[in-house]
Amino acid sequence: MNFELETASLPSENLRRVAIDPVSRVEGHGKVTILLDEDNKVHQVRLHIVEFRGFERFIQGRPYWEVPVMVQRLCGICPVSHHLAASKALDLIVGASKVTPTADKMRRLMHYGQILQSHALHFFHLSSPDLLFGFGSSLGFTLALVLFAGIRERLDGADVPLAFKGTAIAMITAGFMSLAFMGFAGLDRFQ
Amino acid sequence: MAHEYLNDTTSPSAAATPRKLKVATVSLAGCFGCHMSFLDIDERLLPLLELVEFDRSPLTDIKHCGPCDIGLIEGGVCNAENVHVLREFRANCKVLIALGACAVNGGLPAQRNHLALADILQMVYRTGHGLAEGSSIPDDPELPLPLNQVHPVHEVVKIDYFLPGCPPSGDAIWAFLTQLIEGKAPSLGHGLLHYD
Amino acid sequence: MNDSFLLDGEDIPFTPGQTVMQAAAAAGKYIPHLCWHPDFAAHGSCKLCTVKIGGRFATSCTVRAAAGQEVENRTDELDAKRRTLLQLLFVEGNHFCPSCEKSGDCALQATAYEMGMLTPHFDHFYPDRPVDASHPDVLLEFNRCILCELCVRASREVDGKNVFALAGRGTRSHLVVNSDSGRLADTDFTASDRAAAVCPVGVILKKRLGFTVPIGARTYDLNPISAMGANAGQQADSRANAAHEKEVG
Amino acid sequence: MATAELEDILERHRRDPLRLLQILIELQARDGWLPPATLSAVATALGLPRARVESTASFYSFLHTHPAGDYRILFSDNITDRMLGNMALMQALCGKLWLEPGKVSEDGLVSVATTSCTGMCDQGPALLANGRTITRLAPERIDEMAHLIRRRVPVGDWPPEWFHVEDNIRRRDVLLDHGLAPGQALAVALDRGATSILGEIERSALRGRGGAGFGSDIKWRSCRDAWGDAHYVICNADEGEPGTFKDRVLLASYFDLVVDGMCIAGMAIGANKGFIYLRGEYRYLLDRLETRLAQRREQGLLGRNILGCGFTFDIEIHLGAGAYICGEESALIESLEGKPGKPRIRPPFPVTNGYRGQPTTVNNVETLALAALIAVRGGEWFRAIGTPASTGTKLLSVSGDVERPGIYEFPFGVTMAEVLDAAGACDTQAVTSAGAAGHCLAADEFGRRIAFEDVATGGSIMVFDASRDMFEVARNFAHFFAHESCGFCTPCRVGTAVNARLMDKLAADHGSPYDLDEMAKMHRLMQGASHCGLGNTATIAIDDIVAKFRPAFERRLHSPEYEPAFDLDAALSQARRMTGRDDPGAHLGDNLEALAEERAHARDAAKPAPSSAAESAPSKDLQP
């Protein structure tokens, strides 16, 4: 059966088109189109994923050990996820069905590192600007950053286990701070 | 060179405090890795924010780029929308910087360039593994069409500066921007200049 | 006192018959180059080693050193010319450093770093070149070939096998292998051939060594190509050393 | 190709690896192309690595490693052919044979493509049919040719008058009116001996006529004095410079004088062996020349014990196979040794390390003919002609917008204006004085003199009247050099390709002043950094034309600002086809400006007040 891709074919009475383009609160490229009638009643809303690159085609024919490094470039925020997905796919190809404990731990550590980084990133870069910008942005944003910088300075002197020194501990603190700032989430309703 | 322009606007004349440089950033066919690396300048964002303010960028969520001093372009030109956005940046920004491998030489996405786009679309949407029967290539007019090839930004508009790397490190971006803002021709020494 | 010439104002001794490049390399002075290698006959094709002798351009890897020569090497004019040559090489092939396992050990990349090349500048050719993975131990990735013929010379002069040759003309020039099928597997090439460890870029790659050395620990992460001094000509491959240590260690 | 036939060819060439190119040329002529199996068989038979055979086979334009049809039609594509309308004729032939230029017809019958100048500019447009030259093409001849091809009539049976090549000699002087009998000069030289002859050549101040102008006596002396177990004389009959056909006339009608000259050179430097490197485009002369050499051997004018004086000197003719670079003497020698024509590292020069590493003098056809004349008439007589720094006469092949295209022999020092007047040029806008690889003179420079010290030339004078678009001339030259670059060194291999692309960009109306700067940049890069003369001269004419005929380029500049080289709308063609879309959003053509306005409008509307960027609340940022 050949299903028609559903598309915004404008019905007879003309609807006004409003586009949020680009959608910037997410990694990757998207666009939201909203069709409203005269009294602003929404009829149709669509999220369009506008980016097509063709990784799935041009990794074909490449040496298999290059693929994990190539597919990292699918996303600059979650490269580790794509890297690990490719590695797992290659496990089957190279017959490493049973992964050694060290490899497994390393993969988990990489993934946790990214989760921490993503949370901090999502909060400070993707969602907080909406909250803080609506609230005298430079002040709010600076507040968050100064706190973060201050904590990191204190960490320099602190007795941090070797494995966590540097970026790792910074990411963990950022993670906790992002949980703390979640408290502001409800303020939007007072716009 | 374009950067002289930057120098004289920021040189603090006795009376007026230096006008903040307007910076706009965008990712065309990029993966936002360069934007992330831009954030990796960490606390140095604060001194930077005293010199610049952001016009259009994922940070400020402004949809269109207004008149700016510096435009940071991440990502190559992969589809029609990228062309419009890039031309808009060229029209509005005094200085355009190609940020990262995709903008500088097409980057990873340009690995499709030796393949015919028609074959790629055919495989991805119709004949590829695991596709539902009868699936077809999306033809919604809202979707920008991909170009036959991915082009680095300097092949579509004139670009003033290039900052290679995938992504360029936070330190490289910091060194590059500060030299530029001080009116010097930016140069990256060993350790800062990377193409991978 | 044997003869000497001035290289950027510095006195460089040389023995009769030596080229400017050989004398400079022996004195630990770096002249940018890609197709030159101390172990093989000079080729003179990449033109990265172009210098000025008495105000005239000369290819330092082929021109004989002579007493009293005044050789300009790392001047702005010559480094700008070298940058343009590097840009031409980068747009002629497909050089995707981010996903290339030779990155960090690649002479083309390291020389471009040394010359401060920030952009390929020209419109890319994006050629359609094959990958030959037929050989059990060595991969041939023609996308990165800069036609320096180091492999041709190594296979002919050291291995005595003539596995490689350049075919075609102009920008259609391309590397071919010595087999009816055109595949590397059907030649007498082995991973221990001298020609298997001489490629300055990422064309001839020993398999199963990809990405073994982390970013930051590779040859040209540690120091720039110009700091490699006399053995700048040695084709660096930290991955080989890593593999060697793995076997020995 | 039956192995028996292959064995026969290999036997005739004495299984000599140095004759690899000659063997491949014969195999190509028999089969129409060189299948992989043939390359392997030849490699085994000659004891050469197959990759070496493949690198030679794939270097030359007239050798095909892919099927090229039973009929291989190559239209000569020099600018003079374009001016005579060769493109329309090619399209017509392709139309009649239902194929596209550069492709082989479905049934493998025929392929039609272009090739560099075939040396017929005085009687063009011309083409090569399976290597045989056909001149004076016109629509009727093209129609009949299509007919003959479809009826599979062998090229040998095509109307004989098609293959007729005129000499077109328009002005004779001491060389073209030499009046010497075959062997006469040789006899005089043998009588006077090597030292005396070398003295005459020195007194004559004869300089190479190929274009470089190197002193012939210096070349011969240093070759004679160089140690080697054999010395060689090579007659450079590659004549690949666009617009040059003087050697064609000397070979066709003054061959004996040239052979005398070669024998004299052999005697002078102590050589017993000579080669004539005849360009593949002049294959139609081969049999006639071989026959004449055989006759001379019978008449004791060549080979063993010439004229009973105990001097032995024989000549072998080697064919080229379509490579302009083989005009460079060390590339020619590489080609003579069966290798791709890539210039060697110099020094050492051929005079000390040439063919098979032995001392070799490579002289142009005209130089050798003049040497024979000097042997008889003497150096003083020759020195009295021309100018002090450029003695004697020069054969000029004049073509393009002239009444009487052809060969004009003038003493050196003649002004360009006199040459143009003699050839019946009118309303001349420009002249290229050394083909594609020399300078381009504008009208105000026609007073300059043809001589090494002023307008140096190898003999190619191409004339362009006021109706010609000088941009198209430069573009033709750019494509010529990109096609002919041997690919050895970076600046020329990639530089010529970049130049050709820049020209196409201007031609496609995407040009801007930026592109003219890029051309100047390529010119500066290739000067001095290239491995041989080709790279160093590839941009001279272009640079001249841009400087002296800038309006022809300015007309092409589409905008003051940088523009992409590719057509934006065409770049969406595949996506449109695959999605079936044709809505405005599916185009990037003239709607670009309109869309830019629309976006600007949207931008201004979205920002209520010109406040700093941070104030506007993103969540309320709904476009109308």
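Because only heavy atoms are used, hydrogens play no part in the values below, and waters and symmetry mates are left out as well, while side chains stay in. Throughout, protein chains are lettered first and strands after them, A, B, ... in sequence-line order, and every chain is numbered starting at 1.
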Can you pull every donor-acceptor pair closer than 3.5 Å across chain C and chain A?
unit_1	atom_1	unit_2	atom_2	d
C/E101	OE2	A/W65	NE1	2.4
C/E141	OE2	A/R62	NH1	2.8
C/E141	OE2	A/R62	NH2	2.5
C/R144	NH2	A/E66	OE2	2.7

Interface residues of residues 82-90 of chain C facing chain A - non-hydrogen atoms under 4.5 Å apart: none

Contacts of residues 173-181 of chain C with chain A (heavy atom under 4.5 Å): none

Any residue meeting salt bridge (Lys or Arg N to Asp or Glu O under 4.0 Å) with C/D123, in chain and number order, not counting sequence neighbours: none

